[in-house]
Each structure stands twice: as structure tokens, then as C-alpha cells.
Amino acid sequence: MSDSDFLTRLNPEQREAVLHEKGPLLVLAGAGSGKTRVITHRLARLVRSGADPRGIAAVTFTNKAAGEMRERAQALAGTAAPGFFVGTFHSWCLRFLRRRYREANLPPRFSIADSSDQLGLVKEAMEELGISADMLPPNSVRSRISQAKNALVSAERFAAQQTDFAGERIAQVYALYEKKLAASGALDFDDLIGRSVRLLSSSAPVAAEERRRLRHLLIDEYQDTNSSQDALVKLLGAESESLCAVGDEDQSIYRWRGAEIEHILRFEEDFPGARVIALEANYRSTARILAAASGLVSHNRRRREKRLRADRGDGASVRLWRFEEDRTEIEAVAREVAGRPPGEVAILYRTNAQSRPFEEEMVRRRIPYVVVGGMKFYERAEVKDVLAYLRLAARPEDDLAFRRVVNVPARGIGAATLDKLAAVVRETGKSWWEVSADPQGVPDRARTALARFREVIQDLRGKADTWTPSALLEHLLAVTGYGALYEGSEDREDVARRENIQELLSSAREFERRNAEGATVAEYLDTVSLATNEDIAESGGAVTLSTLHAAKGLEFPQVFVVGLEEGFLPHGQSAEDEEELEEERRLLYVGMTRAKDSLTLTLADRRLVYGRVEPRRPSRFVEEIPAQALEERFFGRPSSAAFSPKRTFFPAANVEDESQEADDRPLRRGRRVRHPRYGFGVILGEEGSGEETRLTVYFDRAGKKKFVARYADLTPA
DNA sequence: CTGCTTCACCTTTTT
DNA sequence: GGTGAAGCAG
């Protein structure tokens, strides 16, 4: 592709952003405005115009986004091995800290603690401090610690800031947590950024050298940067030849993780003389979809005023479907989906738990689907266990890994033994590995078991630097006995575990194929430590089920946003605080703007929540969507006072079963009935026939009940 | 020490 | 409804 071809595929604003030469640049990229196109073209253009690729870094938030960006930029740059960095904040920092572990005062092969490791350490620390989990939920302590780290607040400073009892206790946990993490030679996710910032700001020579290396910096999703990431960008980008930040505050959805919308709103103050380019042409959605989404998000106060232009036709109205109960919602959505190419459809929801009924319905109808995010491969116990062995192979002093698998599979090293070791570890400050070499006061049986375990690990250690990851994995499955743990079992869970272990093996082989040179065990461990869900699931020919968060950056011809009710959207935890409410609104905005041709919003008046039927109210956001862009339908019989008479009325029977023939029995599906005790209700389903017939009835007040028709005192209403 | 059962708990979003 | 901790029998 020639340079002129390359640029003609861009609109004037995009072109300007791609060609911008020196100094800070902020690209305000509205939804669907070709953001990725700008970043990839900019990368390619830098390479084509002769910049040293090793001095270019593009930073994104997810591995998936990074992979996509790398591929597209490579193709555009026309080089097989481009040499520039494309990756997440965390992966950039990990490389940096590996390179600089001495200056950063870190152990040479430090490992990475994920959030469940974090939680484990928090629980342990709380127990040692005698803080009960009833008083302070460990998970909220973990998140407080994480927040502090994201804001670059150390344990000491955090302690100094606390005024109340709970705060002081959290500060104690924070301090002990840090101690334990350090003892285990591990960094948590937040540390990867925090320690990088600390090193860059405390060591002038290191900072100078890094700045000399990094000439061009691109940051994607700038609206989602937290304080430590923002600090990192400032440290690295302040003097670089070009610093290009791309983002859209309307799509900021990670406040709970420390993201601050201020960073993008304040960019021009932080980087004086910054050029600002707004991309306002939306190439993705039809005009009505865009109008609905824009109208909604305009209710937010903390944002720049902007006007997105639809580049496509008007399209169909946004459909708002309201149902009497969740069952009908799920069936109606599934039926609509059944008529489409599955790969073109996405069903989006607020919380992971909402996916299940849709999954079941997809299975029932044999519609292929993928769940994005859902259960995370690398967080499954068996995967973590196997990787813990691999970590021990790389560094036996890895306390977290040691404790995870020292007795998995069971080898007779029980709680009593581990308590004794733990005490010695605490007193001496040595690692578990060291302490286990000469365990004091431990019965002979456990002693021999420990010795045997150590032999196994030592064997692995001897191979870790020379063997390939997959070979070592296979070997360790054999010698640790872990491979045999789930062998020969027909149990569904065990079969799944075996498959996951196989999957891990093939992912290791895949890693080796992709990195012919650097496919060491250590490199592999780094990669999997930062890998999360997405890298596994590939859609294509399947309906996508996803949380609103995980859908960011994706697009689909047809989108359903389901469960648009108070409690879900805004989420119950986020309905109070004004800022959180704005974030919930943005979340819906992000979901709506994923749709290209068709967007359907659904809600139900009654829903099964935690196993109980609960009355639901429509989300307040529904009212904020401009009515002209909406086409409302009500499926079923109105049950609440909130029912608006204007709305189109569709009897429930319509959604229940499309293929039912004319049928005038008084007690059939969809009919209103009356029960002396439960009052009025509607028949949801029939099972069996004749005298055996059983009816499921949903009562307005009493919820779902089942009856044998012959005995139940049901009368048509 | 192990493996099973039961019970109480909590339920937002993720690198 | 699912998970993790606690309790109990072998």
C-alpha cells in the first residue's frame, strides 16, 4: 500500500490525528468513530516514516485489544516483525521491572499474585491480626488495599490517613499483607504499575534512560486510567517526541478499579500545548440507535459536550420490550435470536449471574453461543494448581505457590504440619521452601512426605531453565501425581478438569509456536500471569453472551441489552452516589453503542433473583432515552401501576408458544385463572395430560405455584 | 490425615 | 443458586 492509499482511507480528523508530529495529542474518539483505525494507522505511519520501532509503545487495557491492534498495525506497516511494543499497562510494566529488578529492589524471578492470591493473603493477615471476617469482609479489605495502591498510597501513608477504628484495622492488614507478599517474592497487579512509577520517579538515571528509549507513546482508553497509570504516562511521556492519548469519557466504566475520568478531562492542563482532535463521525450504528444512546448519556454532567454524527441511515427504532416476568423475557429474546445468524447477535447484561438462564435457553434451542468473561480459565483451581507447580519449578521460594500445592494431591501433609511450618516461617522470615527442609516438631510421616515433595520440586527446578514449558508441564503432571488426580473418573467435574489441563498444555504449545526464540518457562509464566479470560474464547458463528463491561470495544449487527431494571442498571450498589450513577449510565451507553443495525432493550416486572421471585421496576435510564427513538412493546398482562396505557399490548400467550393451534380450553397456557387462596394468576405451563395434567401458575401476589389440575380449585378468570 | 456432608454466606464490573 | 468453611466419620 502506498502512502497516499494509506491516508485516503481516513476522514480529515482521523488523518490529522495520524499525521500529528510532535508533542502531546488528545484524540477524543466517540463510540464507533474509528479509534482503532487511528491508532493502528498512526503506529504504522510512525514506522513507515522511519521512526525506530523499538522507541514506540502502544498501551491498551486488555490483552485482546492489544492483540488486535498489533495485528492490524503490523499489516499496515508492512513488516513481519515490527519491533514496537503493543500491550497492556501491566505487561509493559512487567517487562520494565524484569529488566530493572535490581534497581527496583525486587527478587530476580519475582512472581505475580492474582486477585485470589491477594484475597488469600488478606484472609491470612486478618486471621493473624485477630480481625474477624464478620467485622470486615476480606473482599472489601482487599479492594481498599487495591484502591490505595492504585492511588500510590503506601501502607504507611494509608495508616497515617486513617481516623476511625475500621480504617486503622485495614491499615494493619495492608501492612501485613505487604509483608507477606514481599516474603513470598511476589507482586500483585497493582504493584506492577506502582513499583514502576516508584522506580521511575526515584531514580533519575533509570528515568532518563527509559525516556531516551521511548520516543513515541500511544495510550488507548485514556478515560480508564487510574492514578498510578496516569502518573506512569506523565513520567514516560512528558518529554517524548509524541504522546498520543485516545479516549472518550462517555465510555469510562472502570471507576471501581480506580479509573478517574479527570485524567482525560484534564489532559490539556496536564500537557500544556496539547493538540485536541475530536472524532465525531460514527460509522457503526444507525441514526436511531445513536440518537437513543446519545440522548441517554447526555444526562451525565461530568463530560465534554459533543455531538456524534451518524454516517449511516436512520435504521429501525430501538425496541423496548417489557415483560411480565423473566421467563418470557428469556424466551422472547431466544426466539428472536433463533432466526438470525448466531455470529451477528450479542446479548449483554450487567452481572455475570444473568447469563445463566440465557445459556440454558440457548442449549435448549441448540443455538451455539460463547460466554465472554464468565468463568475464567486461568482462575480455575486445577489450572492454578498446575501453574503453581510450574512456578515452584522456576523459584521454589515462591510461598504462594508452595502453599497452594504442597498437599495437592494429598500426600499426608495436613493442617497440623502446615501450622507448625507457618509458625517457623513467621518467626524466622524464611521462605516455606527453606523451612520445609528441616521441619521441627513434625511427626515422621509428614516429615518424609515433605522430603518427598521437595525431591519432586528439586527435580523440576533442575529442568526449568532448559526444558520447554509444555515438556515441563507434561513431566510435572507425571511426577507430582497431579495428572493422576482426576484420571479415570466419569464425574462431569473431573472430566472438565482433565480437559482444562489438556487445554493448558495446548496453550503452552501454542505459546512455543508463537515465540520460537523466547519460549522459556519464565516467559511463559509471565504471559499466563497476565492472561485472563478473553484469550481463550473465540466467537464466530456463535451468539455472544457478555457483560456490558466485557463488551467494550466490540460491535454486533444485533444487540440485546437485557434486564434493564433498577437494581441491575443502575446496580443496587451504585444507585446512591451520583458519580457511580453516571458510570452506570455510561455502562448502558457503551452497551447500546455496540449495536450496528438493531438494538433491543428488555426488562421484566417480576424476576427470579437469588432464587426468589421479586417485583422489579424499570430502570430510571429508560425514561432518559428519547422517546422518538424508541418503539415500546408490552408482552403479557400489565401487573403494576407503572404500566403506561400508551404502550402496545401483546398477550402473554403470544410469547409463550408460537406454534399452538386454536384451543379454547379454559385451563391452558396463557389463560388467567383464579385460586381461592392465591388470588389471580396466569397459567405458565402444562405438563402431562388428562387426569395427570399439572399446571404451573404464576400468581400476581404469590408467585409461581404448581398444581395437579384435577385437584386444584382453579377457575377461569 | 482424608474425604464426605452440611451449613451459612454472599452475590458488580477485571488487569 | 454456588462456594467456602466447618463438622464428622472412617
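Chain naming here is simple, since letters A, B, ... match the order of the sequence lines and numbering starts at 1 in each. Since this is a predicted model, take the numbers as computed values, not measurements.
With hydrogens and angles left out, the side chain of A:Trp256 and the base of B:dT12 share no donor-acceptor pair within 3.5 Å. No N or O donor and acceptor, one from the side chain of A:Arg257 and one from the base of B:dT15, sit under 3.5 Å apart. Contact annotation: side chain of A:His90 to base of B:dT15, donor-acceptor pair present below 3.5 Å.
Stacking of A:Arg169 on the aromatic ring of A:Tyr174 is not recorded, the 6.0 Å distance cut-off and the 45° axial limit not both being met.
Spacing between atom CG of A:Asp230 and atom P of B:dT15 amounts to 20 Å, rounded to whole angstrom units. Atom-to-atom, CZ of A:Arg95 to C1' of B:dT15 comes out at 16 Å; the value is rounded to the nearest Å. When rounded to the nearest whole Å, the span between NE2 of A:His549 and P of B:dT14 equals 7 Å. Look at CG on A:Asn139: it is 11 Å from P on B:dT13, rounded to the nearest Å. Residue A:Arg255 contributes atom CZ, which lies 16 Å from atom C1' of B:dT14 at whole-angstrom precision. Whole-Å rounding puts the A:Glu221 CD to B:dT15 P distance at 12 Å. Whole-Å rounding puts the A:Gln229 CD to B:dT15 P distance at 12 Å. Summarising the geometry, the separation between CZ on A:Arg380 and C1' on C:dT3 is reported as 15 Å, rounded to the nearest angstrom.
Within the 4.0 angstrom heavy-atom criterion, only backbone atoms of the sugar-phosphate kind lie near A:Ala416; the bases stay farther away. Across all strands shown, A:Arg586 has no heavy atoms under 4.0 Å from either base or sugar-phosphate atoms. Within 4.0 Å of A:Ala410, counting heavy atoms only, lie sugar-phosphate atoms of the nucleic acid but no base atom.
In this structure, A:Phe110 has its ring center at least 6.0 angstrom away from the ring center of A:Tyr101. Residues A:Phe453 and A:Phe402 bring their aromatic ring centres within 6.0 Å. You'll find the ring centres of A:His549 and A:Tyr254 inside the 6.0 Å limit.
Under 4.0 angstrom from either OP1 or OP2 of B:dT14 there lies at least one side-chain N or O belonging to A:Thr547. One finds no side-chain N or O of A:Lys552 lying less than 4.0 angstrom from the OP1 or OP2 phosphate oxygen of B:dT13. The phosphate of B:dT13 has OP1 or OP2 within less than 4.0 Å of a side-chain N or O from A:Asn352. Applying the 4.0 Å criterion to OP1 and OP2 of B:dC1, one finds that A:Thr417 has a side-chain N or O inside that range. Side-chain nitrogen and oxygen atoms of A:Asn63 include none within less than 4.0 Å of the OP1 or OP2 phosphate oxygen of B:dT14.
Remark on DNA chain B: of its neighbouring residues A:Tyr254 and A:Gly414, the 5'-side contact belongs to A:Gly414, judged by nearest-heavy-atom nucleotide.
Of the listed nucleotides (B:dT15, B:dT2, B:dT14), B:dT2 has the atom at the smallest distance from the side chain of A:Asn407. Considering only the side chain of A:Lys123, C:dA5 comes nearest among C:dA5, B:dT12, B:dT14. With C:dG1, B:dC1, C:dA5 as the candidates, the nucleotide lying closest to the side chain of A:Arg356 is C:dG1. Comparing B:dT2, B:dT12, B:dT15 against the side chain of A:His571 picks out B:dT12 as the nearest.
Contacts of A:Tyr177 classified as ring-ring contact (aromatic ring centres under 6.0 Å, His included), with partners at least two apart in sequence or in another chain: none.
Here, C:dA5 and B:dT12 have their C1' atoms 24 Å apart, quoted to the whole Å.
A salt bridge between A:Arg302 and A:Glu578 is absent, with no side-chain N of the basic residue lying under 4.0 Å from a carboxylate O of the acidic one.
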